[in-house]
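On a predicted model such as this, the values are computed, not experimentally measured, just so you know.
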Amino acid sequence: MTSRPDKLRIGVDFVGSSAVALDSRNRIVAVCRRPQTSDSPVELLDAVLQTVSGTAEIDRVILILPNLGIRESSLPGRVGVLRIGPPTTAVPPLAGWPVDHAAAAGPMWVVRGGHEYNGNVSEPLDAAAVTRFARACVGQVDSIALSGVNALENPAHEEFAANIISDELGPDIAVIRGSDTETVGLLERENTAVLDAALAGAARRRLYQFTALVEAHARNAAVFVLRGDGTVMPVTYAGYHTTASVGSRKAALINGSAHLAEVSSAVVVHVTAEGATVGTTIAGLIPDSGRLWEIDGIRTGIRAPRIAQISRNGGGFTERVHAAIARARWGHESLPVVVDGDRAVDVPDAASVTVIRPDRTEFAAAIGAAIAEAAGSVDRIFWQGAGGRQVSVARARGLAMDAAIRAGADPRTLRETPVREALMTYVPVPAARLQVTVIGPLMESAATAAVQAC
């Protein structure tokens with residue numbers, strides 16, 4: 001039996017200018033922290049890679065990206081917007097957007113096509129109109145966002161249209177499909193696709209720098225980006241879906257703080273001079289809030305985790321933090337409370353609650369990235385045909401499992417949340433909205449797996 005070589009997992013918090021390297025047992029073996037004004041993200045990543053290069057093989061690098069840059073006067077990239085479906089212009093694309101952002105979009109077309117709630121074709125895709133749209137975008141846009149009615153149930157028309165557009169515009173123009181976002185509403189999927197398309201050019205250039213640097217130090221290391229729920233996505237996916245990383249640092253703080261406290265599940269309170277972040281982690285998974293993220297006033301399809309932000313403004317800071325802790329522990333009364341951060345002393349222990357105050361919490365976010373797992377979620381309406389509920393639930397679980405594996409999870413160690421079900425009593429056929437998440441540790445490299453098999 002050959003001994004298993006140790007491999008490092010690196011978490012990089014570009015927002016907090018810190019990074020950590022963990023061994024295969026998730027023990028800290030190296031840290032790097034820089035003044036937030038001194039280094040660019042590339043310099044910080046280079047510094048941490050130089051710190052650990054030669055000590056052990058780097059298995060993966062997980063990045064917490066800086067916040068989105070769309071709050072300027074216009075979108076970063078000009079986007080062509082295509083909607084596929086029967087006439088749906090009563091609520092046109094980009095309805096409700098800030099005027100300056102909407103005005104920055106390129107051609108916006110609605111073409112015939114789309115599907116029914118059960119995946120059947122509503123009407124044939126107007127491929128000729130898609131071609132005309134693509135040609136109208138030549139030289140006018142940096143990327144394309146397209147979305148189809150009921151494309152979650154059947155993405156065939158989105159895929160066909162994407163192929164037509166790519167053939168007309170070439171591989172340099174990113175084409176983002178709405179069905180890549182797992183949410184019920186067409187407008188939310190469409191808005192998310194437009195934002196991702198607008199950010200794709202800058203995101204891909206930035207991530208290319210990071211991946212090239214990692215490859216220079218560790219050719220076999222995989223690179224991931226942290227999602228807003230504290231799980232990971234492959235760097236190739238992240239280049240086209242930047243909105244998925246919104247709020248990722250807060251989620252990393254929650255999971256990293258629990259790890260430093262040596263507990264797998266906890267209510268975490270991270271306290272700084274600005275305020276407190278309060279959230280719950282259950283074995284690495286932060287519960288869903290049931291809300292969708294709004295980005296600069298634009299409603300997206302990105303689900304927000306249940307994390308509260310308590311500002312110091314308005315007085316009664318300690319009381320409001322304790323109230324947030326009580327809400328976070330509702331239904332989880334046995335969980336310990338982890339209080340950390342550079343102003344943790346501002347939040348005294350609550351009565352009858354086990355409180356843990358770990359050390360080294362300046363690296364909590366980077367640790368949360370390094371230990372992050374991969375997950376897949378499903379949130380859609382299932383038509384309960386001949387097979388009834390049992391078939392629908394099995395399909396939801398299967399879709400979530402496939403999504404988790406695509407994100408990088410090891411299929412041998414997956415676990416899932418209970419399926420949440422809401423009957424759709426206002427539709428003329430039996431249907432239910434099902435939500436389920438599957439999560440698991442990241443797949444190890446082929447080399448490590450081969451050694452373990454010896």
Margin query: Whether the side chain of D410 engages the backbone of M443 through a donor-acceptor N/O pair (distance < 3.5 Å, no angle test) should be reported.
Written below: no
Notebook entry, point to check: Please walk me through it: do T131 and E168 pass side chain to side chain contact (heavy atoms under 4.5 Å, CB included)?
Noted result: CA-CA 7 Å; T131 301; E168 292 289 337; 3.6 Å; yes
Notebook entry, point to check: When rounded to the nearest 0.5 angstrom, what is the spacing between CZ in R60 and CG in N220?
Noted result: 13.5 Å
Notebook entry, point to check: From M401 CE over to L414 CG, what is the distance, rounded to the nearest 0.5 angstrom?
Noted result: 5.5 Å
Checklist line | SB check R227 D229 (cutoff 4.0 Å) | finding: no
Next item on the list: Identify, with sequence neighbours excluded, every residue that meets ring pair (Phe, Tyr, Trp, His ring centres under 6.0 Å) alongside W293.
Entry: none
Next item on the list: Supply the atom-to-atom distance S147 OG to I176 CD1, rounded to the nearest 0.5 angstrom.
Entry: 12.5 Å
Checklist line | Salt-bridge present (R78, D142; N to O < 4.0 Å) | finding: no
Checklist line | E421/R380 salt bridge by N-O under 4.0 Å criterion | finding: no
Next item on the list: Check whether any side-chain heavy atom of L434 sits under 4.5 Å from a side-chain heavy atom of V378, and report yes or no.
Entry: no
Next item on the list: Would you mind reporting whether L146 and F133 have side-chain heavy atoms less than 4.5 Å apart?
Entry: no
Item checked: Side chains of Q50 and D46, donor plus acceptor under 3.5 Å -> yes
Notebook entry, point to check: What's the spacing between R299 CZ and E190 CD if we round to 0.5 Å?
Noted result: 14.0 Å
Notebook entry, point to check: Does the R291 side chain pair with the main chain of P305, one donor and one acceptor, at a distance under 3.5 Å?
Noted result: no
Check: What's the verdict on side chain to side chain contact (heavy atoms under 4.5 Å, CB included) for I298 and E294, showing C-alpha distance, side-chain angles and the deciding distance?
Finding: CA-CA 5 Å; I298 301 167; E294 284 197 4; over 6 Å; no
Note to self: For the residue pair D340 / S257, report whether a side-chain donor-acceptor contact shorter than 3.5 Å exists.
What the structure shows: yes
Margin query: Working note: V149 + I84, criterion side chain to side chain contact (heavy atoms under 4.5 Å, CB included); need CA distance, chi angles, decisive distance, verdict.
Written below: CA-CA 6 Å; V149 173; I84 303 168; over 6 Å; no
Checklist line | Check: T300/N191 side-chain N/O donor and acceptor closer than 3.5 Å | finding: no
Check: Any side-chain heavy atom of R33 sitting closer than 4.5 Å to one from F363?
Finding: yes
Check: Closest approach of G148 and L186, non-hydrogen atoms and distance?
Finding: O-CD1, 3.8 Å
Next item on the list: List the atom of A30, the atom of V52, and the distance in Å for their closest heavy-atom pair.
Entry: CB-CG1, 3.7 Å
Note to self: Under a plain distance cut-off of 3.5 Å, with no hydrogens placed, do E188 and T183 share a side-chain donor-acceptor pair?
What the structure shows: no
Check: To the nearest 0.5 Å, how far apart are CD in E158 and NE2 in H115?
Finding: 9.5 Å
Checklist line | Flag side-chain contact, heavy atom, 4.5 Å: D379 against R433 | finding: yes
Note to self: For F160, I'd like to know if atom CZ has over 12 heavy atoms of other residues, nucleotides or ligands within 6.0 Å.
What the structure shows: no
Checklist line | Salt bridge flag under 4.0 Å for residues R306 and D288 | finding: no
Notebook entry, point to check: In terms of side-chain heavy atoms, does E373 have a donor or acceptor partner in T231 at a distance below 3.5 Å?
Noted result: no
Check: Can you tell if the side chain of V130 reaches within under 4.5 Å of the side chain of V111, non-hydrogen atoms only?
Finding: yes
Next item on the list: Run the numbers on V269 and V271 for side chain to side chain contact (heavy atoms under 4.5 Å, CB included), then give the verdict.
Entry: CA-CA 6 Å; V269 185; V271 191; 3.8 Å; yes
Check: Is V267 close to P336 at the side-chain level, that is, under 4.5 Å between some pair of heavy atoms?
Finding: no
Margin query: Tell me if a side-chain donor or acceptor on R189 pairs with a main-chain N or O of V184 at a distance below 3.5 Å.
Written below: yes
Margin query: Quick one about W97 and D296 (side-chain donor to acceptor, distance below 3.5 Å, no hydrogens or angles considered), yes or no?
Written below: no
Item checked: Partners meeting ring pair (Phe, Tyr, Trp, His ring centres under 6.0 Å) with F14 (sequence neighbours left out) -> F210
Note to self: Rounded at 0.5 Å granularity, tell me how far CG in L260 sits from CG in N255.
What the structure shows: 11.0 Å
Next item on the list: For the residue pair E362 and D342, establish whether any side-chain heavy-atom pair is separated by less than 4.5 Å.
Entry: no
Next item on the list: Mark yes or no for whether D23, through its side chain, and R27, through its backbone, hold a donor-acceptor pair below 3.5 Å.
Entry: yes
Next item on the list: Report yes if the side chains of R83 and L187 come closer than 4.5 Å at any heavy-atom pair, otherwise no.
Entry: yes
